[in-house]
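Since the structure comes first, as structure tokens, the remarks are kept for the end.
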Amino acid sequence: MIRIGMLTSGGDCQSLNATMRGVAKALYRMMNDVEIVGFEDGYKGLIHADYRIMKPEDFSGILTKGGTILGTSRQPFKLMRVPDENGLDKVEAMKHTYRKLKLECLVVLGGNGSQKTANLLWEEGLNVVSLPKTIDNDLWGTDVTFGFQSAINVASNAIDCIHTTAASHGRVFIVEVMGHKVGWLTLYAGIAGGADIILLPEIPYDLNVVIDALKTRSKNGKKFSILAVAEGAISKEDALLTKKELKEKKKNGPVYPSVAYAIGAQITERTGQEVRVTVPGHMQRGGQPCAYDRVLSTRLGAEAAMLIKNKEYGYMAAVKNNEIVKTPLAEVAGKLKTVDPASSIIMEAKMTGISFGDE
Ligand code: F6P
């Protein structure tokens, strides 16, 4: 019998179950006598040997189900080598569980940090195949991650809803979209939702430019404006500060729940305009996967099963130019795929009048 371990790690997203289903269905069809062991709550389950033997039925009826049937948790990569409160060496514990269960391979569905740990385990001698999960779409080595499109739908829906109320009241609205380090989700949701101003971590904004854009809209007879602002949006002046200086500045300044509220307060102070903030938050990771993600997850899952069948380990199933490919984990680990401010999508958005607050 061949035993395959499986876990979902890090922040959840809509298409985790669809992806596990894709892997499992293809594995059960392609390999005789295969058993899938599901680890509870991500790497935590692997560390503490908390697992259950999955049955083919466990993977039925979950294509459209959000969340993860295995549960997930955040186990920061930087702490992987740091013994826990009981002195447990997490990496050794994971290797021990893997060997005790006589696994042939470990399948990891995860984002950036989880891919780093997957690569570490591969370097430590375990057979690993991974899949690219995250609503942030910031994984290196794949054009797109599963979860991203579903999250765009939720976030753009939020902007759609804000549109009608913003128009009725003639208000400025800020919708804060998830993404601390990268702005893919804000960019796509902002364009799809018809936002007038989009602020991304990759394009530091100048508040004067943002205010000018708002004034121009008012002058042109537009009664309302919508800003799509990433969690990690940053001003030009703050972008010049070191992490320590920024922390200090925030400590000494007014306290806001998040960046959208800070920008909202500054707009009101400078223009006298009424500003409302909406934070869809974790809704963006919840609910059903969209049709695009279901297809993507099924394709990626099948590729992962194929890699296992061929004993090709140390890879992440990925997408390149709409083809499903395999990317070495060593290439994925530790890199971030960010929005290029000079990319065509930014230029096209600017051509249609969207301001990124930079010029
Ligand atoms: O990485 C996915 C993500 O949803 C980010 O967009 C967001 O900044 C973060 O996770 C939120 O993390 P948590 O669920 O731990 O609050």
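Every number for a ligand or one of its atoms is a count from 1 in the order of the listing.
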Query - Side-chain touch Ile263/Val275, heavy atoms, less than 4.5 angstrom - result: no

Query - Atom of Thr327, atom of Gly141 and distance for their closest heavy-atom approach - result: OG1-O, 2.8 Å

Report summary line: One finds that the ligand 1 atoms under 4.0 Å from a non-hydrogen atom of Gly179 are 6 (O)

Query raised in the report: Going by heavy atoms in the side chains, are Pro341 and Ile346 under 4.5 Å from each other?
Result: no

Report task. Give the residue and atom name of whichever protein heavy atom lies nearest to atom 16 (O) of ligand 1, and the separation in Å to one decimal. Result -> His282 NE2, 3.2 Å

Report task. Check the side chains of Glu202 and Thr338 for a donor-acceptor pair under 3.5 angstrom, ignoring hydrogens and angles. Result -> no

Requested in this report: May I ask you to identify the nearest protein heavy atom to atom 7 (C) of ligand 1, giving residue, atom name and distance to one decimal place in Å?
Outcome: Glu231 OE1, 3.5 Å

Query raised in the report: What part of Ile135, side chain from CB on, backbone N/CA/C/O, both or neither, has a heavy atom under 4.0 Å from ligand 1?
Result: side chain

Query raised in the report: Sub-3.5 Å donor-acceptor pair from the side chain of Thr19 to the main-chain atoms of Ser297, do we have one?
Result: no

Query raised in the report: Do NZ/NE/NH1/NH2 and the carboxylate oxygens of Lys326 and Glu303 come within less than 4.0 Å?
Result: no

Query - Per-atom contacts of ligand 1 with Met178, taking only distances under 4.0 Å to non-hydrogen atoms - result: 4 (O), 6 (O)

Query raised in the report: What protein heavy atom sits nearest atom 4 (O) of ligand 1, and how far away is it?
Result: Arg285 NH1, 2.9 Å

Report task. Starting from atom 10 (O) of ligand 1, locate the nearest protein heavy atom and write down its residue, its atom name and how far away it is, to 0.1 Å. Result -> Arg74 NH2, 2.9 Å

Requested in this report: Tell me which protein heavy atom sits closest to atom 6 (O) of ligand 1, plus the residue, atom name and distance to 0.1 Å.
Outcome: Asp136 OD1, 2.7 Å

